Protein chains: 2
Amino acid sequence: MTIVNETPADEQHLAWLARSFGRPDYLPLSPADLEALSNAGAIVKKYPGTHLFKEGEAATSAFLVREGDVDLYRGPAAQREVVGRVGPGAVIGDIAMFSDQPYISSARAVGHVTAFRFDRDRLLPELARSPAITLRWLVASLTQLERTQRRVLNLMHRTVIAQVAGLLVNESDEQGEVALSQATMATLLGASRQSVNEALNELKRRGQVETGYRLVRVLDIAGLSQIAGRD
Amino acid sequence: MTIVNETPADEQHLAWLARSFGRPDYLPLSPADLEALSNAGAIVKKYPGTHLFKEGEAATSAFLVREGDVDLYRGPAAQREVVGRVGPGAVIGDIAMFSDQPYISSARAVGHVTAFRFDRDRLLPELARSPAITLRWLVASLTQLERTQRRVLNLMHRTVIAQVAGLLVNESDEQGEVALSQATMATLLGASRQSVNEALNELKRRGQVETGYRLVRVLDIAGLSQIAGRD
DNA sequence: CCTAGAGTGTCTGCTAGCCGACAATTGTAT
DNA sequence: ATACAATTGTCGGCTAGCAGACACTCTAGG
């Protein structure tokens, strides 16, 4: 994880994917749906460090994460650039699969991961049989599209501090903590490490966050949300 | 059309919608599909200046433009901010309709417009009956999503000149002309009018474009594409 | 307990692009 | 024709944020 200040467009693409698709609320499928789709794939368990899929492979499957976290990264394994981490509820690889394109990132199990794997060839007929589910997926993807566009705006002409605030609001866990290095946050936002650092200092000065090693603790979500602007 | 240098986030959202959805290649439906969906709506003809839908209305319908151009704009009619123009093949309003949200923009016929109007209440059952079409729509929307994200990158960290070049490449018609004011282009890109002007001058200096009143003539598409970077 | 590698805190340029302002040009409606 | 509106062309000032550099701090692995 060295590439930090040089964040080529492709890295950021990934960052985008992560930010947009990694969101757990992008869950187009209910348990009932899954029941109906049980023929379309299978549950898979992955040991830490193993891959769900790799960048560049033909996208024959999509995955719905059930348990555990998955890192999305790009580039050769040796110098991989982690670009996002998704947890239970996330659907990954569906775009590539439906669009019949190679995966644009690699997905690697962080801890023990359980996921439902949809196989393209089996899923399509199944969807043709269950239009309601297809429709649900469609609505989910359109919602996602809308959200992505909306988010774009919030990035495009917002100051780094607003972006950082937004990221913290979205990414903080139950304890209000965000366990990301400033460099990673910078990549996620498409900003420079220095700028993120500066923004964080400002927020710290205002008493809205505390920072630590690879950690940011959110103290005032309301305040941050306000800074971030509507989302 | 005064608001030019102040381009609030919402305006740009619209710009995004226009740029992303206005693209004629976002056509998920073949004539055969339409035939199958003929129960889901009806063909409508609009006189110049009339509206297909207005911002804020409940999105009960989506439209597939058949003939003529449609302006997408935002704000009160008096001081409307045109934010994009779409032609035949474009599908508009589908996001709002499927997501059950109000339209985010108004759509107004520029010339005589023929369009197919999908009515939500009739479309949904119809889609349930024709899963293949739903699936096609899904794939189209995911492709669109992917494209949008990719495009985001090209905007996010590219210089204005690169953005302008990209816009020209995408938006030029058969004669290699783009009939947009610099101010509109600026809004579309989320840049300032002045910067766009400067970029255009640079391109002109290099002999890659000619400019006129509300018009840019593309002389060297290859060159522009290269400047724009991969898309 | 030490040390190497990762991450953080800061500083000094530097520049793209924004903003406001205003003149010059082109279109359009009377 | 002619006046008014829309658009283009340009300046100068100003600021956010990037790049490079470097010291300092934390943490994990022997």
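All of these numbers come straight from a predicted model, not from anything done at the bench. In what follows, chains are A, B, ... by sequence order, proteins preceding strands, each numbered from 1. The analysis underlying the following values was restricted to heavy atoms, covering all of them including side chains, and did not include hydrogens, waters or symmetry mates.
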(request) Let me know the distance between CD of B:E198 and P of D:dG12, rounded to the nearest Å. (result) 13 Å

(request) Starting at atom CZ of A:R217, determine the distance to atom P of C:dT8, rounded to an integer number of angstrom. (result) 14 Å

(message) If we ignore hydrogens and angles and just use 3.5 Å, is the side chain of A:S106 paired with the main-chain N or O of A:E55 as donor and acceptor?
(response) yes

(request) Measure from the side-chain heavy atoms of A:T211 and tell me the nearest of D:dT7, D:dT10, C:dG9. (result) C:dG9

(request) Tell me which nucleotide among C:dG17, D:dG17, D:dT8 gets nearest to the side chain of B:S195. (result) C:dG17

(request) Among the candidates D:dT7, D:dA16, D:dA21, find the nucleotide nearest to the side-chain atoms of A:R193. (result) D:dA21

(request) Could you state the atom-to-atom distance from CG of A:L189 to P of D:dC18 in whole Å? (result) 10 Å

(request) Would you mind telling me which of D:dC11, C:dT8, D:dT7 lies closest to the side-chain atoms of A:Y213? (result) C:dT8

(message) Output the rounded distance in Å from CG (A:L200) to C1' (C:dG7).
(response) 13 Å

(request) Write down the distance between CG (A:L215) and P (D:dT27), rounded to a whole number of angstrom. (result) 10 Å

(request) Counting heavy atoms from C-beta on, name the nucleotide in C:dC11, D:dA16, C:dG7 closest to the side chain of A:Q194. (result) C:dC11

(request) For residues A:E67 and A:V113, determine if any side-chain heavy atom of one lies less than 4.5 Å from a side-chain heavy atom of the other. (result) no

(request) Tell me which nucleotide among D:dT10, D:dT8, C:dT8 gets nearest to the side chain of B:Q182. (result) D:dT8

(message) Could you check whether any side-chain N or O of B:S99 sits under 3.5 Å from a backbone N or O of B:A96, counting only pairs where one atom can act as donor and the other as acceptor?
(response) no

(request) Could you give me the CA-CA distance, side-chain angles and deciding distance for A:S195 and A:S192, then say whether side chain to side chain donor-acceptor pair (under 3.5 Å) is met? (result) CA-CA 5 Å; A:S195 301; A:S192 72; 2.9 Å; yes

